[in-house]
Protein chains: 2
Amino acid sequence: MANVAETLREKGLKVTPQRMAIYRMLCETRAHPTAEAIWEKVKEEFPAISFNTVYTTLGILERAGLVQRLHVGEKAAHYDADTSPHIHLCCERCGRVRDLHKAGVDLTEVAQNLRAKTGYEMSKIELNIYGICPECRH
Amino acid sequence: MANVAETLREKGLKVTPQRMAIYRMLCETRAHPTAEAIWEKVKEEFPAISFNTVYTTLGILERAGLVQRLHVGEKAAHYDADTSPHIHLCCERCGRVRDLHKAGVDLTEVAQNLRAKTGYEMSKIELNIYGICPECRH
DNA sequence: CGCTATACAGTAATCATTACTATCTGATTA
DNA sequence: TAATCAGATAGTAATGATTACTGTATAGCG
Ligand SMILES: [Mn+2]
Ligand SMILES: [Mn+2]
Ligand SMILES: [Zn+2]
Ligand SMILES: [Zn+2]
């Protein structure tokens, strides 16, 4: 992640200013933004960028394995540049999505164990916990 | 689940033929159907039932705690009459959703442990694993 | 440079979900 | 049983996220 351009090139993706801005923004935040939020942020640097470009680029980055797409709740998808399997805490009131590392559950290990047991070829594991965050409980 | 009508009444819901058919159908299947699939099935008994009624009723049943709504992938939601937290295996090719009980992870216990650690008031926990099922691997 | 595959911007189409409204019905009461 | 009423149903419209399409522009490469 040291060099955004280099990372894109390694994945066989063309390096464009828009792509770099989108991917860099995701690498620098811990907020798990939606495509809409990413658009708003990137527009500060590229006022002419279209929402469609942001949306499509996120799909390309996901397919390249550079970002993770989170399906939390039934609303718009959230994006995460941390592609390692980790737990997400989702506040049902403010919509915030937070990471939860070291929770006593190693998701990678869980997936490994299940592969043999079920015959499934795993590609992704998602553990989402919904509730109300401390801040939203006044 | 012995008596569908009784279960609905206990939750303070009016007992209607449509509701009974929808809830009974969900109790009898292990397929985690979508609203669309439930509609197709219930139409065999009630040819005039509207998709909207099925959809709305599923929301009512969910709010009453009688069914669980699953957000697997980005496609339409799936429904489950088993409201206990359990793991779901989702095949990315055929779309099948399967239960995975006794996988060495007790989700209820995980949620309990996290409550103290994070200060979150948990209401729901979802563990979804995506991959290709044995049948789809030829 | 000049070529070519692909990215971009802009817009339209699709699809799940939610909202709305006019009837209809289950349950309760007289 | 008949009247009443809250809530359910059918039908349709609106919303919002995602996907598809189409000219134009640009990155990567010889
Ligand atoms: Mn994360
Ligand atoms: Mn299930
Ligand atoms: Zn919150
Ligand atoms: Zn399959």
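Per chain, numbering begins at 1; letters A, B, ... match sequence-line order.
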Handout entry: Interface limits on DNA chain C, where chain A has a heavy atom under 4.0 Å of a nucleotide atom
Key = dA5(C) to dT18(C)
Practice task
Examine dT18(D): is either OP1 or OP2 under 4.0 Å from a nitrogen or oxygen in the side chain of Arg69(A)? Give yes or no.
Solution key: yes
Practice task
Report which part of the nucleic acid Glu36(B) touches: base, sugar-phosphate, or nothing (heavy-atom distance under 4.0 Å, all strands).
Solution key: nothing
Practice task
Report which part of the nucleic acid Ala77(B) touches: base, sugar-phosphate, or nothing (heavy-atom distance under 4.0 Å, all strands).
Solution key: sugar-phosphate
Measure all distances between protein nitrogen or oxygen atoms and nitrogen or oxygen atoms of nucleotides 12-15 of chain D, and list the pairs falling under 3.5 Å.
residue : atom : partner  : partner atom : Å
dT12(D) : O4   : Asn52(B) : ND2          : 3.3

Practice task
Compute whether any side-chain donor of one residue and acceptor of the other, for Glu92(A) and Ser123(B), lie under 3.5 angstrom apart.
Solution key: yes
Exercise for the section: Return the value, rounded to whole Å, for the distance between atom CZ of Phe51(B) and atom P of dA8(D). Expected result: 18 Å
Exercise for the section: Determine the contact category for Ala35(A): base if any of its heavy atoms lies under 4.0 Å from a base atom, sugar-phosphate if only primed atoms, P, OP1 or OP2 are that close, otherwise nothing. Expected result: nothing
Practice task
Quick one: label Ile49(B) by what it contacts on the DNA or RNA (base, sugar-phosphate, nothing), any heavy atom closer than 4.0 Å.
Solution key: sugar-phosphate
Practice task
Provide, to the nearest angstrom, the distance between the CD1 atom belonging to Ile22(B) and the P atom belonging to dT9(D).
Solution key: 7 Å
Practice task
Respond yes when some side-chain nitrogen or oxygen of Thr57(B) is under 4.0 Å from OP1 or OP2 of dA8(D), and no when none is.
Solution key: no
Fill in the blank from the handout: Closest non-hydrogen atoms of Trp39(B) and Phe51(B), given as atom of the first, atom of the second and distance, are NE1-N, 3.3 Å
Atom pairs under 3.5 Å, N or O on each side, protein against nucleotides 26-30 of chain D: can you list them with distances?
residue : atom : partner  : partner atom : Å
dA27(D) : O3'  : Val15(A) : O            : 3.2
dG28(D) : OP1  : Val15(A) : N            : 2.9

Problem - Short side-chain donor-acceptor distance under 3.5 Å, Asn128(B) and His71(A) - result: no
